[in-house]
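Notes follow once the structure below has been shown.
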Amino acid sequence: MKKLIAIALVLIMAFSVFGCTTSTEDFEIAVNFASEPNTIDPALNSAVDGAVMINHIFEGLYKWVDDGSGNATLALGQAKEVTPNADKTVYTVKLRDDIKWSDGKDVVAADFVYAWQRLVDPNTAADYCYMADIILNANEIMAGEMDKSELGVKAIDEKTLEITLHTACPYFEEIMAFPALMPIRSDIIEQYGDQWTFSPETYIGNGQYKMAEWSHNEFIKLVPSETYYDVDKLGPKVIKFALMDDTNAIYAAYRSGSLNFIQEVPVDEIPGLLSSGELKVHPYLGTYYCCFNTSKAPFDDVRVREAFSLVIDRNYIVENVTKTGQMPATAFVPSGISDAPGAKDDFRAVGGDYMDVSAEKYQENCERARQLLAEAGYPNGEGFPIVEYLYNTSDNHRLIGEALQNMWQTELGVTVNLVNQEWNTFLDTRKNGDYSIARNGWIADYNDPMSFLDMWLTGGGNNDAQYSNPDYDALIMQAKSTSDLAERMSLMHQAEDILMGQDVVHAAIYFYTDKYMSQGIKGMYFTPLGYYFFGYCKPSK
């Protein structure tokens, strides 16, 4: 009875906080991606949920638009014209005449210059600073060898940008749409510092929507920005991002009608929801993996890392835990990422597998793992310290953690304790290297293997494994410095050989699929990078 009362109260509270309407004139929607975001500063965010919000509040030179089938494609955003030179190392960008900030001020070229210089400034400590490393002098600035003013981007006049790259980049248009390279107002940052994102009065954007309210740990409310050039075509009068991480509460809120969109559902509900067609699954360019802290014992020993990876029964996890079409991972870069033009296969097919994860090979893999652990000084797990597996709140992550815990105990004879943290704390703990093994996942920021490989450069902002190998660094930097597409792919294959084959930095578990449920809305679209767009949604009834 107490449980029923509690559920009823949750539903009542959820409806009052996240309640959505479907009338065309007063159309409000409520969506859920995660709990309280770690940051919604475009330069500092490194999470998909934060990027989804930022994509509604800010806009880059390019933007993602609906291709007519619910999939996103790139189009000009704040730019009205982008002209590269012959070798595609210098871009002249003309900005739209009608672009404004949400407080009514004009968006000018200097706003992009400021944002990009801030991104590469070592004092900003942006995880995604390397997204700009293709720009002339960016690497030298990030290394402290040059001043940020020497970055290869300048404002020719209020509506003209000139961008100089050190090497032609095949995915630079996608970079220009990436949240970390969206413009930011210098006067706002200078006045409010790192507090600028917390208040609707200071969180000034140049995108479709603006923040109206942030009730911490409950919701972030967005309303259309009257100054956006396309505001008359926007759909929802309110988009509420419900900040929740309890899967059962999220699902209950959806069933009550107070959430229009969710991604997390109780694991036990998945088969029925797939069968009914309510739960949609589509391709996702990403990899779910265990991240080892390579800087601390016992995972500073590659033999230990490989042993822990080999005994993971990936087929069991995708067939009995996740159950939404994921493929067991045999490498870090997933299928679906392009290789060099002319190659008949994608990068994964060309690069091949780093381990045989078939069910028939599992016991052989376990035997090899026990041998490696013994060589590392822990025969049958004897003397191996008790370690912790860190994960963020989610039934799915918990169940995967429990499966891993059992596999490591059963096959290696080691004890692994599970530690759960809420999203913000988890991100900080993992980033700071205060863990032994941690749940991790990476979704492509653009369709190129580099999106999965340059994050492991020594000192990289998203290098949660604390990994460092000069040979790996050299290959990645060579790949970034050549305009020969076949050569850069070859260099990236060599780099992945080190990352996965030689150093076994992490244990890739499966290649993602993206799942969601939606109701009461139409016109949503998405990218295989994990971005969803709701600005042009209409009521479905």
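Remember, predicted model here, so these are calculated numbers, not experimental data. All residue numbers refer to positions in the sequence shown, counting from 1. For the numbers below, each heavy atom of this structure counts, side chains included, while hydrogens, waters and symmetry mates do not.
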May I ask you to decide whether [X] forms a salt bridge with [Y], counting only side-chain N to carboxylate O separations under 4.0 Å?
X: Asp187; Y: Arg185; result: yes
X: Asp97; Y: Lys80; result: yes
X: Arg118; Y: Asp121; result: no
X: Glu226; Y: Lys210; result: yes
X: Asp106; Y: Lys100; result: yes
X: Arg255; Y: Glu278; result: yes

message: Centroid separation under 6.0 Å, is that true for the rings of Phe58 and Tyr203?
response: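 Between Phe58 and Tyr203, which both carry aromatic rings, the centre distance is below 6.0 Å.
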- prompt: So, Tyr114 versus Phe112, ring centres under 6.0 angstrom or not?
  reply: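 No, the ring centres sit 6.0 Å or more apart.
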State the [atom1]-[atom2] distance between [X] and [Y], to the nearest 0.5 angstrom.
X: Ser258; Y: Lys240; atom1: OG; atom2: NZ; value: 10.5 Å
X: Cys290; Y: Ile437; atom1: SG; atom2: CD1; value: 6.5 Å
X: Thr164; Y: Ile134; atom1: OG1; atom2: CD1; value: 12.0 Å

Give a yes-or-no answer on whether the side chains of [X] and [Y] include a donor-acceptor pair shorter than 3.5 Å.
X: Thr227; Y: Ser225; value: yes
X: Asp434; Y: Thr429; value: no
X: Tyr525; Y: Asp67; value: no
X: Asp111; Y: Trp101; value: yes
X: Ser149; Y: Asp147; value: yes

message: Using side-chain contact (heavy atoms from CB on, under 4.5 Å), reason through Asp127 and Lys431 one step at a time and then give a plain yes or no.
response: CA-CA 10 Å; Asp127 288 350; Lys431 175 182 173 61; 2.3 Å; yes
[X] versus [Y], closest heavy-atom pair with distance:
X: Ala115; Y: Met182; result: CB-O, 3.4 Å
X: Ala444; Y: Leu529; result: O-CD2, 3.2 Å
X: Ile29; Y: Pro236; result: CD1-CG, 4.0 Å
X: Val238; Y: Val223; result: CG2-CG1, 4.1 Å
X: Thr197; Y: Met211; result: O-CE, 3.5 Å
X: Tyr435; Y: Arg430; result: CE2-O, 3.4 Å

Residue list, ring-ring contact (aromatic ring centres under 6.0 Å, His included) with Phe33, at least two apart or on another chain: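 With sequence neighbours excluded, Phe33 shows a ring-ring contact (aromatic ring centres under 6.0 Å, His included) to Phe261, Tyr532, given in chain and number order.
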field: Partner set under ring-ring contact (aromatic ring centres under 6.0 Å, His included) for Trp456, not counting sequence neighbours
entry: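 Here the qualifying residues are Phe332, His506.
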- request: Answer whether the closest heavy-atom distance between the side chains of Tyr510 and Ile400 falls below 4.5 Å.
  value: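 The answer is yes, as the side chains (C-beta and beyond) meet within the 4.5 Å cut-off.
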Pairwise side-chain contact, Tyr391 with Val419, heavy-atom cut-off 4.5 Å (strictly under):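 They are not in contact (no side-chain heavy atoms under 4.5 Å apart), so the answer is no.
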task: Take Ile156 and Thr92 through the side-chain contact (heavy atoms from CB on, under 4.5 Å) test and state the conclusion after the steps.
output: CA-CA 9 Å; Ile156 303 302; Thr92 301; over 6 Å; no
Passing option when Ile443 is tested against Thr287, Asp514, Thr527, Val48 for side chain to side chain contact (heavy atoms under 4.5 Å, CB included):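 Exactly one candidate clears the test, Val48.
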message: Please determine whether side-chain contact (heavy atoms from CB on, under 4.5 Å) holds for the pair Tyr62 and Leu76, giving the CA-CA distance in whole Å, both sets of side-chain angles, and the decisive distance to 0.1 Å.
response: CA-CA 4 Å; Tyr62 281 77; Leu76 292 175; 3.7 Å; yes
- request: Tell me, with the steps shown, if Glu264 and Tyr254 meet side-chain contact (heavy atoms from CB on, under 4.5 Å).
  value: CA-CA 10 Å; Glu264 294 297 321; Tyr254 181 84; over 6 Å; no
N/O donor-acceptor pair under 3.5 Å between [X] side chain and [Y] backbone:
X: Glu422; Y: Asn424; answer: yes
X: Asp230; Y: Lys233; answer: no
X: Asn432; Y: Asp428; answer: yes
X: Lys159; Y: Val93; answer: no
X: Glu162; Y: Thr160; answer: no
X: Trp442; Y: Ser451; answer: yes
X: Glu173; Y: Tyr171; answer: no
X: Asn463; Y: Leu457; answer: yes
X: Asn32; Y: Ala242; answer: yes
X: Asp133; Y: Asn139; answer: no

Can you tell me if [X] has over 12 outside heavy atoms packed within less than 6.0 Å of its [atom1]?
X: Lys323; atom1: NZ; answer: yes
X: Lys280; atom1: NZ; answer: yes
X: Glu158; atom1: CD; answer: no

message: Please verify the inter-ring angle class for Tyr512 with Tyr288; under 30° counts as parallel, over 60° as perpendicular, anything in between as tilted.
response: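 Correct class here is perpendicular.
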Test ring pair (Phe, Tyr, Trp, His ring centres under 6.0 Å) applied to Phe172 and Tyr91, Phe178, Tyr446, the passing residue: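 That would be Tyr91; it is the only one of Tyr91, Phe178, Tyr446 passing the ring pair (Phe, Tyr, Trp, His ring centres under 6.0 Å) with Phe172.
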